[in-house]
Amino acid sequence: MHRAFRVFIFLTLIFAMTSLTFSQDFSAEMFDLRRGRTDSVKIFVDGSKVRMEPQGKGKDAQIFIWDTAGQKSYVLAPARHMYMEIGSSMLQRAINLWRPANVEDACPDWLKVSQQLGPGEKQATCRKVGDEVVNGRSAVKYEGVSPDGKKGEVWLDVKVRYLVKVNSPDGGGMELRNIQEGPSDPSLFEVPPGYKKMDAGR
């Protein structure tokens, strides 16, 4: 579970920054765009709640659940019927990365997060590029430059108001595919009955 904890912290900062504004709920498949990688993650978004299930990991898979409104975050280990509960302060510090308040003007939210994560440093820049289509869906493209001059691109889906594609400066990135609009089973965002709690410090 220690490895799961480290992965959880990474995903908390990168994958689950969702705002408390309520928009279209959906599920999708998240694909790693790095060359040679075929990793995918099943993602469910329901209001302020997010669930991520890495695919193809078998018995070693860990499931990640965030509930920003409820101030709860979990790592589930289904094969062991165990879970860890993690504090959600990092979620609140970077709340608007994945679902900014305004799809058509997302730069202010992102720049605010950048300032919070790197106070006192040279700040990143952000600009809106324009409308594009990602996997048959309307999206808005943005371009950002990090404090050290590295350029990246992101796309926000207009309807679900969520980050659906990222081209990172190192040549990697991610993309959401097979988006299915609509709510998910509420039980997906809860710890299953019978799971035992594990201390994250052990």
Side-chain angles (χ1 to χ4, degrees), residues 1-34 37-100 113 117 157 160-166 168 172-202:
M1 291 291 282
H2 293 289
R3 179 178 179 277
F5 175 74
R6 292 193 298 270
V7 173
F8 180 85
I9 294 300
F10 174 76
L11 289 176
T12 296
L13 289 172
I14 302 299
F15 290 139
M17 308 312 176
T18 178
S19 75
L20 300 182
T21 57
F22 292 87
S23 56
Q24 180 67 51
D25 301 328
F26 69 95
S27 62
E29 293 177 88
M30 179 188 294
F31 287 85
D32 190 330
L33 298 183
R34 285 175 291 178
R37 297 294 293 271
T38 59
D39 303 39
S40 68
V41 175
K42 185 70 174 180
I43 177 173
F44 302 86
V45 177
D46 196 308
S48 64
K49 300 177 181 179
V50 178
R51 176 187 174 103
M52 291 187 174
E53 300 180 8
Q55 304 295 293
K57 300 296 184 180
K59 66 179 182 179
D60 295 324
Q62 286 95 34
I63 295 171
F64 308 92
I65 298 174
W66 297 265
D67 180 358
T68 55
Q71 299 284 302
K72 297 177 181 178
S73 306
Y74 304 104
V75 179
L76 308 182
R80 301 174 63 186
H81 285 78
M82 300 185 74
Y83 75 97
M84 290 189 300
E85 185 171 351
I86 311 297
S88 58
S89 60
M90 284 182 290
L91 289 177
Q92 299 306 314
R93 189 172 60 176
I95 202 79
N96 293 320
L97 284 179
W98 271 61
R99 184 181 276 177
V113 170
L117 295 177
D157 187 282
V160 299
R161 298 178 54 232
Y162 216 79
L163 201 65
V164 291
K165 185 176 179 180
V166 175
S168 62
M174 76 85 200
E175 184 174 282
L176 296 189
R177 302 174 187 169
N178 304 320
I179 293 176
Q180 302 293 319
E181 298 176 23
S184 301
D185 186 335
S187 66
L188 291 174
F189 307 99
E190 302 291 339
V191 176
Y195 274 50
K196 295 181 179 180
K197 187 176 182 178
M198 182 176 181
D199 188 340
R202 294 181 180 176

Any non-hydrogen side-chain atom of [X] less than 4.5 Å from a side-chain atom of [Y]?
X	Y	result
K42	S27	yes
V160	V45	no
P192	Y83	no
S73	F64	no

Closest contact, heavy atoms only, [X] versus [Y]:
X	Y	value
P100	R161	O-NH2, 3.4 Å
E85	K197	OE1-NZ, 3.5 Å
G173	D32	O-OD1, 3.7 Å
Q62	P54	O-CD, 3.0 Å
M174	L163	CE-O, 3.7 Å
F189	I65	O-CG2, 3.6 Å

Point-to-point distance, once rounded to the nearest 0.5 Å, from [atom1] of [X] to [atom2] of [Y]:
X	Y	atom1	atom2	value
K165	E175	NZ	CD	5.0 Å
L76	M84	CG	CE	9.5 Å
S48	K72	OG	NZ	11.0 Å
I179	M30	CD1	CE	10.5 Å
N178	F31	CG	CZ	6.5 Å

Donor-acceptor contact present, side-chain D67 to main-chain K49, <3.5 Å: no
How would you list, by chain and number, every residue that makes a salt bridge (Lys or Arg N to Asp or Glu O under 4.0 Å) with E53, sequence neighbours excluded?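 With neighbours one apart ignored, the set is R51.
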Residues at least two apart in sequence or cross-chain that pass salt bridge (Lys or Arg N to Asp or Glu O under 4.0 Å) with E29, listed by chain then number, are none
Please table the atom pairs, donor to acceptor, closer than 3.5 Å between any side-chain atom in residues 181-188 and protein atoms at least two apart or in another chain.
| unit_1 | atom_1 | unit_2 | atom_2 | d |
| --- | --- | --- | --- | --- |
| E181 | OE1 | K159 | NZ | 3.3 |
| E181 | OE2 | R137 | NH1 | 3.1 |
| E181 | OE2 | R137 | NH2 | 2.9 |
| D185 | OD1 | S187 | N | 2.9 |
| D185 | OD1 | S187 | OG | 3.0 |
| D185 | OD2 | S187 | OG | 3.3 |

Run the side-chain contact (heavy atoms from CB on, under 4.5 Å) test on Y74 and E190 for me, step by step, so that the C-alpha distance in whole Å, both residues' side-chain angles and the decisive distance to 0.1 Å come before the verdict. CA-CA 9 Å; Y74 304 104; E190 302 291 339; 5.5 Å; no
Output all residues satisfying ring-ring contact (aromatic ring centres under 6.0 Å, His included) with F26, sequence neighbours left out; order by chain, then residue number. Y162
